[in-house]
2 protein chains.
Amino acid sequence: MTNTDRSPDTPDIQRSAPVAGGRPTKQRLAVANVLDSFDDFRSAQEIHALLGTKGENVGLATVYRTLQLLADAGEVDVLRTEEGEAAYRRCSDTHHHHLVCRTCGATVEVEGPAVERWTKSIAAEHGYRDISHTLEIFGTCASCS
Amino acid sequence: MTNTDRSPDTPDIQRSAPVAGGRPTKQRLAVANVLDSFDDFRSAQEIHALLGTKGENVGLATVYRTLQLLADAGEVDVLRTEEGEAAYRRCSDTHHHHLVCRTCGATVEVEGPAVERWTKSIAAEHGYRDISHTLEIFGTCASCS
DNA sequence: AAACAGATTGAGAACCGTTGTCAAACCGAG
DNA sequence: CTCGGTTTGACAACGGTTCTCAATCTGTTT
Ligand SMILES: [Zn+2]
Ligand SMILES: [Zn+2]
Ligand SMILES: [Zn+2]
Ligand SMILES: [Zn+2]
């Protein structure tokens, strides 16, 4: 691990913004960049492997740590698959949900103001406060039918 | 493990219906019964421990297997906690969602026909079929505020 | 530029929920 | 009772995630 390694083949940094307040290290930038190369949900291990194929060797623990950082900062969305593993995806910064293909993972961001209102009012009706919610829709996309 | 053990202190079977098509063994009935003794979501291990305190010693693997049976049969609802572990609860048999207290686990079943309609139409709009969805609402209940 | 202090990394161990293994026990049919 | 498929439980194995800690890096201060 030599961060001073700046040989000619080292790809230029594409994402200049620091990663969630921490130091913009080579590894964190690599993770942040690879997140832009797909638009479906990928597990931490898949992302780690993907980095490997691109010549960016980042330790698995660091991938986990960075994804957690990004998730905490709201820069990526986290989804629990039905098998219980966490999957990550770079998303728009407004609140939204996902329509995910069960087969190929193709993901569509969806918004539903009515749902947002409904959850709030239901929760208030029962005296619950500090509401949050999770809503994911699963199905088989057109090309997988 | 002696299933013929029917000493006088053995509690009578309360739930006579067979468990999800399989054999109504002592262990399965014990699990099915203990599920009636709480109305919030409990992990498999918590349920296993709870059985222990009631003198019903059921193997952990059997608890997992039985809960899976019941879940497949739709007799219990499964929820993935944010830490990724599965939690179980006996629920009404109609489709519904949950409003869960983040602190004490108090759970309210909620229904929202509008949400059901919305998920279907959104999915159809994008050409997705065989739709399913997950929706959970989290908050702090009145007594935990 | 050299030194320093704190942040970050990576390899591997540890953790923990869950599932698999398999011999022993069980159960219902005949 | 006997027999064959089902179920059980102790324990091993598994997979994803987190922890540990020494080595390395980075920004800042001399
Ligand atoms: Zn698809
Ligand atoms: Zn929402
Ligand atoms: Zn509460
Ligand atoms: Zn629903």
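Order of the sequence lines sets the chain letters (A, B, ...), proteins ahead of strands, with each chain counted from 1. Please read these numbers as outputs of a predicted model, since none were measured by experiment.
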Q.
Let me check the geometry of the helix from C:dA1-D:dT30 to C:dG30-D:dC1. What is the bend angle between the axes at its two ends, five pairs each, to 10°?
A. 20°

Q.
Without decimals, in angstroms, what is the distance between B:E82 CD and D:dT18 P?
A. 13 Å

Q. Rounded to the Å, how far apart are A:E83 CD and C:dG17 C1'?
A. 15 Å

Q | Spacing of A:K26 atom NZ relative to C:dG10 atom P, expressed in whole Å | A | 10 Å

(Q) Both A:L60 and B:N57 contact DNA chain D. Taking the nearest nucleotide for each, which residue is further toward the 5' end? (A) B:N57

Q. Could you walk me through whether B:T66 and B:Q27 pass the side chain to side chain donor-acceptor pair (under 3.5 Å) check?
A. CA-CA 9 Å; B:T66 304; B:Q27 290 87 347; over 6 Å; no

Detail all sub-3.5 Å separations between protein N/O atoms and N/O atoms belonging to nucleotides 13-16 of chain D.
from, atom 1, to, atom 2, distance (Å)
D:dG16, OP2, A:Q45, NE2, 3.2
D:dG16, O5', A:Q45, NE2, 3.3

Q. To the nearest Å, how far apart are A:E56 CD and C:dG10 C1'?
A. 16 Å

Q: May I ask you to establish whether B:R42 and B:F38 are in a cation-pi arrangement, using a distance under 6.0 Å from NZ or CZ to the six-membered ring centre and at most 45° from the ring axis?
A: yes

Q) Salt bridge or not for A:R89 and A:D40, using N-O below 4.0 Å? A) no

Q: Select base, sugar-phosphate, or nothing to describe what A:Q68 touches, counting heavy atoms under 4.0 Å on all strands.
A: sugar-phosphate

(Q) Taking donor-acceptor contacts at under 3.5 Å, does the side chain of B:R65 reach the base of C:dG20? (A) no

Q.
So that I know where these two stand, are B:F41 and B:H98 an aromatic pair - ring centroids less than 6.0 Å apart?
A. yes

Using nucleotides 3-5 of chain C, report all nitrogen or oxygen pairs with the protein that are shorter than 3.5 Å.
none

Q.
Measuring centre to centre across the rings, with the benzene-like ring taken for any Trp, is A:H95 within less than 6.0 Å of A:H133?
A. yes

(Q) If you compare all heavy atoms of A:E116 against all heavy atoms of A:H97, which two are closest, and at what distance to 0.1 Å? (A) OE2-NE2, 3.1 Å

Q. Rounding to a whole Å, what distance do you find between A:Q27:CD and D:dT24:P?
A. 14 Å

Q. From C:dT18, D:dC19, D:dT8, pick the nucleotide closest to the side chain of A:A61?
A. D:dC19

Q. Distance check: side-chain N/O of A:T25 vs OP1/OP2 of C:dA7, anything under 4.0 Å?
A. no

